[in-house]
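In what follows, a structure is listed as structure tokens, so that the remarks can point back to it.
Start at 1 and go down the list; that is how both ligands and their atoms are numbered. None of the values given here were measured: they were computed from a predicted structure.
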Amino acid sequence: MLQNLQAEESYWDAKHEALSRDGLEALQVDRLRETVRRARRAPFYRERLQEISLEDIRSPQDVAHLPFTTKQDLRDAYPYGFLCQPKDRFVRLHVSSGTTGQATAVFYTRKDLDTWADLMARCLYMTGARPGDTFQNLTGYGLFTGGLGFHYGAERLGMLTIPSGAGNSKRQIQLMKDFDTTVIHIIPSYALRLMDVMQELGLDPKRDLSLRIAYLGAEPYSEEVRSRVEAFYGVKVFNSYGLSEMNGPGVAFECRFQNGLHIWEDAYLVEIVDPDTLEPVPEGRLGELVLTTLTREGMPLIRYRTKDLTRILPGDCPCGRPHRRLDRIQGRSDDMFILKGVNIFPIQVEQVLMAIPEVGNNYRIVLDRQNNVDTMTVEVEVTDKIFVEDMRHLQRIRNRITKELKSELLVTPAVSLVEPHSLPKNDGKAVRLIDRRNL
Ligand code: ADP
Ligand code: ZN
């Protein structure tokens, strides 16, 4: 019997997930006006928004008349310049992990925390997580928003929540066994590392654990990493995107169709612009993601330039939600490096490497300058099994990696095969690129 997918889908927040596109856009206009009205109370926006008349905001596209906000603006107005309520109304602050320089602070009122937890619960429910599931949160707690963000969302949904934090792999595995963990949140590089630990212990998660869902996000990763993680752990992997400036996780999330990340357009107004001209790119084209908060009361941000590069995927999702979908984030515009005149993203290297079975679960890219010539070396861990094999076999693998990287990147890197588990690891986001060219 044919079933209507839309009718079958159940929602955490039907009012905001299952509305029509027109209904969604009308809500956006209301909320955008309210956001501008509120933002005017913040020292940073007071003058910048003075000229804007609320009546002129008649469609979501009218956001284009408002000024952009950059990470540098957040730094300049640090710490309180973006608050539009008295300080005693705030109950939490997070500081971004500072992957790309000086940190920025984000403040939340009680209501903001409530809205955020609800958005997170919506994401988790959409992927099939339910009360009765045991959720283990294997990401750093503390200032990193991924920890507490997921934590409160999972509790709001009603899962038994284990705040295990990042690292200490053996204890993680023990917790998974003892409490029959079914759902996990983990950053991609740690998911790969934990695979190695499980393999060393002779543990097969498909046989020995009860996992069924994994949320991977907070850093760029390729479709190839998704496939590896799904095959090894026996889970469905859902991509999770967010950034501290927009609360944290819960900005965009994959549904059970795993075909791009629904961006919650009732909470965030989305634009994709050309990073050089700041003009909107045609639909479907890659550009910089720009977001405006629509539900944040204490610290609204207008047209925030995320520096993250992605595109809006064309077409509707079979799940029936009107919220448009973002393509997998390719990386930050700052991650891109230029070698011999060619633009390269680390994720392109990952794509090639992770599709080769003999390649292990860690790699890094080292850029250097020798005699005024830029060089690129890709250091690749091989699997345990391969490492003990003969030199001729290793040589063949190295040649294959070099050839495939060359055809993807159009430059020829040096490839260095290294022992399993020998590259540096860290508990937070992976450092994939070491640039020594200007040392
Ligand atoms: P920091 O900017 O200091 O790393 P955040 O923890 O707020 O602090 O990181 C947010 C950033 O992480 C995003 O702007 C994006 O670059 C990256 N990110 C988050 N989720 C994903 C994802 N699913 N895919 C790719 N990149 C992601
Ligand atoms: Zn969907």
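In this structure, R328 falls outside the shell of residues with a heavy atom less than 4.0 angstrom from ligand 1. Distances shorter than 4.0 angstrom do not occur between any heavy atom of T145 and any atom of ligand 1.
A side-chain N or O of S169 and one of Y190 form a donor-acceptor pair less than 3.5 Å apart. Checked by atom type, the side-chain pair Y304/D73 shows no donor-acceptor distance below 3.5 Å. A donor-acceptor contact under 3.5 angstrom links the side chains of T109 and D112, judged on distance only.
A cation-pi contact, defined as under 6.0 Å to the ring centre and within 45° of the axis, is absent between R40 and Y45.
For ligand 1, none of its N or O atoms has an N or O atom of E245 under 3.5 Å away.
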- Can you list the steps and then say if L291 with L301 is a side-chain contact (heavy atoms from CB on, under 4.5 Å)? CA-CA 8 Å; L291 296 171; L301 291 185; over 6 Å; no

- Query: Stepwise, does the side-chain contact (heavy atoms from CB on, under 4.5 Å) test hold for K71 with R305?
  - Reply: CA-CA 7 Å; K71 196 159 188 112; R305 291 187 58 188; over 6 Å; no

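Only side-chain heavy atoms of K429 come within less than 4.0 Å of ligand 1; its backbone N, CA, C and O stay farther off. For S240, every heavy-atom contact with ligand 1 shorter than 4.0 Å involves the backbone, none the side chain. Only backbone heavy atoms of A218 (N, CA, C or O) come within less than 4.0 Å of ligand 1; its side chain stays farther off. With a 4.0 Å heavy-atom cut-off, ligand 1 is reached by the backbone of L243 and by its side chain too.
Panel detail: the Zn ion (ligand 2) has protein N, O or S atoms under 2.8 Å away, 4 in number.
In this pair, Y80 and F107 present their aromatic rings tilted. The plane angle is within the 30 to 60° band.
The one candidate from I184, V235, V183, I187 that meets the side-chain contact (heavy atoms from CB on, under 4.5 Å) condition with Y215 is V183.
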